[in-house]
Amino acid sequence: MNKHATDLRIDAGRFRATFEELAAIGATPKGGVDRPAFSKAHLEARRWLLETAKQAGLETSVDGAGNHSVLLRCGPPGAPILLLGSHLDSVPNAGRYDGALGVIAALEVLQTVRQHGLSLASHLEAIDFTDEEGHYTNFVGSLGLTGQLKAEHIQSPRGGRRRFHQALNRARLSEESLFVAGRSPASIAGYLELHIEQGRRLVEQKVPIGIVTSIVGIRSFMVHFLGRADHAGTTPLNLRRDAAQGASAFILAVRETVLREFPDCVGTVGNVTFEPGVFNVVAETASVSLEFRADGVSKLDAMETRLGQAAADAARRFELDLEIEDLDSSPPARMDENAQASIAQACERLDLEFMLMPSGAGHDAQCLATVCPTGMIFVPSVGGHSHSPREHTEWPDCVNGANVLLQAALSLARL
Ligand SMILES: [Zn+2]
């Protein structure tokens with residue numbers, strides 16, 4: 001890279017003003033935002049993005065999956081596109097940084113490159129992916145763009161198909177259009193995403209930048225303990241086959257097993273349903289939702305085996321039958337080595353300390369990683385809070401993250 005490019009920085013004042021404008025759309029009294037996918041505020045934020053980009057002299061487009069794009073043609077004709085982005089949708093009652101920071105930083109990078117009239121080997125595109133948070137169905141935008149969207153992804157959207165269709169209508173999309181957003185991998189030079197960490201490792205270590213090495217894989221199961229319904233007054237405790245007891249023993253064993261044997265992983269029971277579920281009847285069945293995450297397939301396999309044994313032990317102890325229903329899984333996604341190196345070099349140029357870390361949360365980057373070189377940059381989340389109005393990142397950290405995104409993009413776009 002030439003000297004001029006390595007010295008280039010984003011316009012911190014403009015970046016902040018743009019970020020604040022966006023944060024006002026769907027703003028909540030507690031200082032967060034409420035912009036679930038296809039809500040009024042979300043659609044307004046997307047219109048605002050296109051309008052802001054046009055005013056900055058940039059091209060805009062929307063694809064069949066509703067992904068909103070801002071394009072800067074700074075490469076030769078026919079050059080591939082380096083994508084930079086994240087998402088403008090939020091969970092209900094969210095913070096203002098998750099997703100929004102990455103989109104606004106991407107827009108700021110394009111404005112900076114345009115302003116300095118740089119010619120690169122790739123074009124640059126700032127992209128806002130559709131429904132990252134899965135208000136209807138997770139990653140529908142990035143799955144659509146990468147050609148990985150399958151009919152089963154949209155078979156049972158959260159809240160039902162009717163609600164999903166109404167939402168698509170509001171955005172002038174349809175189930176059919178979602179499938180025409182696919183791009184050829186050859187047209188994509190790579191993907192970079194700036195995001196808040198949503199955990200507390202960077203803050204605790206006092207390190208301003210995290211370079212994501214991989215996004216964890218997730219497996220989910222429904223674990224059913226099957227016992228016998230009995231009278232709660234007349235059946236002695238030692239003669240019961242009480243599904244609630246087996247489920248409870250298992251839930252505690254999940255925590256113990258993961259802490260002891262997989263200390264860098266997590267396992268969660270988020271829901272239990274008892275049947276018949278009344279005060280005066282011994283629980284006949286207990287259905288326990290189990291989800292666990294790890295950054296490697298062999299670790300996921302080992303966790304599946306060990307937690308399966310823990311469920312069998314709990315069932316045996318309380319004389320229950322056991323059924324384990326395999327629900328959903330997503331494999332771990334490795335971030336590209338070269339993208340990681342470009343981010344590390346960017347940190348060195350900017351004199352910023354960094355650490356390598358896996359991401360425990362899912363991101364659009366995991367979909368992109370299957371078709372193009374992909375990298376992710378994390379900035380610290382104060383207190384590790386996210387998906388809450390308490391979510392906060394100190395503004396100098398946001399500026400650092402955007403400058404790292406700029407410098408990493410310039411080196412990946414081979415200036
Ligand atoms: Zn996010």
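In each ligand, atom 1 is the first atom listed, and ligand 1 is the first ligand listed.
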Just to be careful: counting only protein atoms that are N, O or S, how many fall under 2.8 Å of the Zn ion (ligand 1)?
3
Do Glu275 and Thr285 pair up side chain to side chain, a donor and an acceptor below 3.5 Å, judged on atom types alone?
no
Holding to salt bridge (charged side-chain N to carboxylate O under 4.0 Å, His left out), I want the full list of residues that pass it with Asp336, two or more places apart in sequence or in another chain.
none
Does the Asn403 side chain pair with the main chain of Ile10, one donor and one acceptor, at a distance under 3.5 Å?
yes
Check: His387 main-chain N/O paired with Glu391 side-chain donor or acceptor under 3.5 Å
yes
Intermediate values then yes/no, side chain to side chain contact (heavy atoms under 4.5 Å, CB included), Leu149 and Val140:
CA-CA 7 Å; Leu149 188 70; Val140 71; 4.0 Å; yes
Between Thr112 and Glu108, does any side-chain donor sit less than 3.5 Å from a side-chain acceptor?
yes
